[in-house]
Amino acid sequence: MMPVTITQLRTSATVDLMTAARALGLGRTKAYELARRQQFPCRVIRIGETYRIPTAGLLELLGVTAEEPRSQTAVARPA
């Protein structure tokens, strides 16, 4: 299972269930089991047989912001 990076997660509004599972360190069977039981640790949107996870909620669960942090070397513009 390939790890997923925060940068990859920030690229879209939602991710598929397996991407969210990889970010959380869950396997396929456990992820689908939790989603079916409505016990996945963050919001799950079901569209037919497809599960989508809102990225903002997943990032919040992981303890990171949804936005890319600003560079600390950026110079403030004078007012």
Colleague: Which heavy atom of Ala35 sits nearest a heavy atom of Leu17, and at what distance?
Modeller: CB-CD2, 4.0 Å
Colleague: Glu33: what forms a side-chain contact (heavy atoms from CB on, under 4.5 Å) with it, not counting sequence neighbours?
Modeller: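 Scan of Glu33 (side-chain contact (heavy atoms from CB on, under 4.5 Å), adjacent residues dropped) gives Lys30, Arg36, Arg37.
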Colleague: Looking only at heavy atoms, what is the nearest atom pair of Ala23 and Leu58, with distance?
Modeller: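 Looking at all heavy atoms of both residues, the closest pair is CB-CD2, 4.4 Å.
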Colleague: Tabulate below the donor-acceptor pairs under 3.5 Å that side-chain atoms of residues 38-52 make, not counting sequence neighbours, or state none.
Modeller:
from  : atom 1 : to    : atom 2 : distance (Å)
Arg46 : NE     : Gly48 : O      : 2.8
Arg52 : NE     : Thr14 : OG1    : 3.1
Arg52 : NH2    : Thr14 : O      : 3.0
Arg52 : NH2    : Thr14 : OG1    : 3.0

Colleague: Can you tell me how far the OG1 atom of Thr11 sits from the CD1 atom of Ile6, to the nearest 0.5 Å?
Modeller: 11.5 Å
Colleague: Compare all side-chain heavy atoms of Thr19 with those of Leu9 and state whether any distance is below 4.5 angstrom.
Modeller: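 The answer is yes; the side chains approach within 4.5 Å.
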Colleague: Which pair of heavy atoms, one from Thr55 and one from Ser12, lies closest together, and at what distance?
Modeller: OG1-O, 2.7 Å
